[in-house]
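Worksheet for the structure shown next.
Chain A is the first sequence line, chain B the second, and so forth, proteins listed ahead of strands; every chain is numbered from 1.
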Protein chains: 2
Amino acid sequence: MVSRAPRRATLEDVARVAGVSRSTASRVIAGYGAASATARDRVVAAAAQLGYAPDPAARALATGAGVRLVVAVAGAVPTVLHDPYVDRVVRAAAEVCARREVGVSLEWLPLHAPARLRQLAEDRGVRGVLIVNTTELILAAVPSALQGRTVSIGIGSRTVPSFDVDNGGAARTILGHLLGSGRRRIAMITGPDWMPCTRRPVTAYREVIRAAGLPIRLVPGDFTATGGQAAMLTILERWPDTDAVFANSDAMALGALAALRRHGVDVPGDVAVAGFDDVPFAALSAPALTTASHPVEQIATAAATAVLDRAWVPPATAYPSELILRESA
Amino acid sequence: MVSRAPRRATLEDVARVAGVSRSTASRVIAGYGAASATARDRVVAAAAQLGYAPDPAARALATGAGVRLVVAVAGAVPTVLHDPYVDRVVRAAAEVCARREVGVSLEWLPLHAPARLRQLAEDRGVRGVLIVNTTELILAAVPSALQGRTVSIGIGSRTVPSFDVDNGGAARTILGHLLGSGRRRIAMITGPDWMPCTRRPVTAYREVIRAAGLPIRLVPGDFTATGGQAAMLTILERWPDTDAVFANSDAMALGALAALRRHGVDVPGDVAVAGFDDVPFAALSAPALTTASHPVEQIATAAATAVLDRAWVPPATAYPSELILRESA
DNA sequence: CTGTTAGCGCGTTCAT
DNA sequence: ATGAACGCGCTAACAG
């Protein structure tokens, strides 16, 4: 004897129990069209009684809405996916998706291959797209069929709304703190040149340092700790009198810290170090890292919610970053 | 004038171009039933020409297969979702899902609420379930309708295959190293008692330490750095002569390191510290953390692949952990 | 305000 | 080996 799995209630069942037609039940469930109060009540009651929940696949098929949210991370190589930052974005998106009965999938978006965007536009399974770390080139290649259901975590465009931390403001705050505590020869470890997200911090750095009549000392990093170490060595060699370093990510800052420690440079005595992101381990380094917060989860949640709900959103939303004062600067 | 989005090719289109019926085209595409060589060729050609790709929603609706993979993290409180470990699992799953045109959603599985599992079993949208950090109670509550498409990252059961790191072996390796380098009063910072994943390491600890005729010194942590600091303080106070600490996670180990530093205890001179996980920042602490690797992505990828492909898998797969020797022990 | 009808794109018997 | 026909569960026109 096979105990058959109890077939899940369908809209048809709900309608029958409620004594209305499927359409009426559908309207009530979707909260869409009009329905009499009595009909509404009966449908709601029936649905609750039967433990009804709509089938996302059937709904997607009927509406053509798509069934998954694609997180597309732009980059030169596929390994851009292997970054804790991406992990956090995906996790937040997956949490938002759970409530909507959809899922998220993650893929690499090659910097010079907008073809993939066209494919995504034609894929009926795609409900929307969350672009991460994008460039103007990629934004310009977003097909019209994807507009209105694509948002960017990073820079935006006229057709793709942006959700991002106010990293320019964060840079100013940090640099202000460094200057305020008497530092005068401040170097900055940036991200790769092609990354638009490094532009505003770099611009802020240039403006602030120039306004103070101090020397510009820029070294590119790659957002990894290893890159931060290398950059720090470059700084040490090129400008030995540097008394502060602002790294555009905590990972790079921690790398810089390691390099300084290895060279017997005292932090913050000889050199102050500040990062950006406030990752969990920033509080645990020796010395604990001064940095600025980066509400990644909040940003990703808002971005995912916006595309799933197809709600109107302003062209650009900047999330504030807070100075986290610790020991290193 | 509205430039309509170029409607994506459907199976019907492929069939028409190939000059066969939809059924035949369907068989060829699915690689399922029989079809003449000529028919096969024509269908394949037509599909390629039209850039055809099946609609996941329609397919899910027809087969009842479901459209998303649910990552369910067991725990007492919803905040168990906010852990870098979970982030890594979800990210890996989302990457696997992308190739199958499905998505992943993330949710909390309350420790004593198997009701949610029943709901998941009835949800037609659910393709499969990936349980993380589970308990015997939860595994026993997995409905039969979910069996065969549910796997566990952690302990398993007769009906739910397990994918996990060999954390017992890892503990033995680390403890062997500590003993081998002359440590004799070794304390261990464990996870919460209810977490099955802490049992094997603790058992290993008990066995190894007892076999060496040394004292057992166990303190519970919570897998966070803060918890590790607190646990370290307890150890310092309760057993001041401790000369080595094995923490069951790098986060706790880094917390312990911070506590020792604050108390002026030299690592590894006075006390050796070892962790487990080999998180990116383990290499950057001062001193750099000795630990054991934890191939989370590999495990999650295998687990997700198993449930999506419905392939048979052994009841338990243990992934080896490697000793990562650095400075702290 | 409500019910009828017609698909959405695909898998899957059944005849042939 | 192949095609006609039906159903998966739901939404959206339309007619009442």
Hey, is the side chain of A:T10 poking within less than 4.0 Å of OP1 or OP2 on D:dC8, counting only N and O atoms?
no
What's A:A60 touching, base or sugar-phosphate or nothing? Going by heavy atoms closer than 4.0 Å.
nothing
If the helix axis at each end comes from five base pairs, how far does the helix from C:dC1-D:dG16 to C:dT16-D:dA1 deviate from straight, to 10°?
40°
Can you pull out every salt bridge (charged side-chain N to carboxylate O under 4.0 Å, His left out) where at least one residue sits in residues 72-95 of chain A? Sequence neighbours excluded, please.
A:D87-B:R91, A:R88-A:E297, A:R91-A:E95, A:R91-A:E297, A:R91-B:D87
Is any side-chain heavy atom of B:E107 less than 4.5 Å from a side-chain heavy atom of B:V71?
no
In whole angstroms, the gap separating C1' of C:dC1 from CZ of A:R40 amounts to 11 Å
What's the CG-C1' distance between A:L50 and D:dG9, to the nearest Å?
15 Å
Would you indicate what B:A39 reaches in the nucleic acid, counting non-hydrogen atoms under 4.0 angstrom: base, sugar-phosphate, or nothing?
sugar-phosphate
Is the distance from the ring center of B:Y319 to that of B:H294 below 6.0 Å?
no
Modelled atom types, side-chain donor and acceptor of B:S23 and B:S26, under 3.5 Å:
no
Any side-chain heavy atom of B:E136 sitting closer than 4.5 Å to one from B:I155?
yes
Between protein and nucleotides 11-16 of chain C, map the contacts as a letter string: B base, S sugar-phosphate only, - none, heavy atoms under 4.0 Å, written 5' to 3'.
BB----
Determine: side-chain N/O of B:R124 to OP1/OP2 of D:dG9, distance under 4.0 Å, yes or no.
yes
Would you say that B:V73 contacts B:I131 through its side chain, given a criterion of any heavy-atom pair below 4.5 Å between the two side chains?
no
Candidates C:dG9, D:dG9, D:dA1 - which lies nearest the side chain of A:A58:
D:dG9
Sequence-distant partners of A:T63, side-chain hydrogen bond (donor to acceptor under 3.5 Å, both in side chains), two or more places apart
none
Could I get the full list of salt bridge (Lys or Arg N to Asp or Glu O under 4.0 Å) partners for B:D166, not counting sequence neighbours?
none
OP1 or OP2 of C:dC1 under 4.0 Å from side-chain N/O of A:S36:
no
Gap between atoms CD and P, on B:E12 and D:dC6 respectively (whole Å)
16 Å
Specify the separation, in whole Å, of atom CG of B:L61 and atom C1' of C:dG9.
9 Å
Just how far, in rounded Å, is P of D:dA1 from CZ of B:R42?
17 Å
Under the side-chain hydrogen bond (donor to acceptor under 3.5 Å, both in side chains) test, which residues partner B:R22, sequence neighbours left out?
B:E12
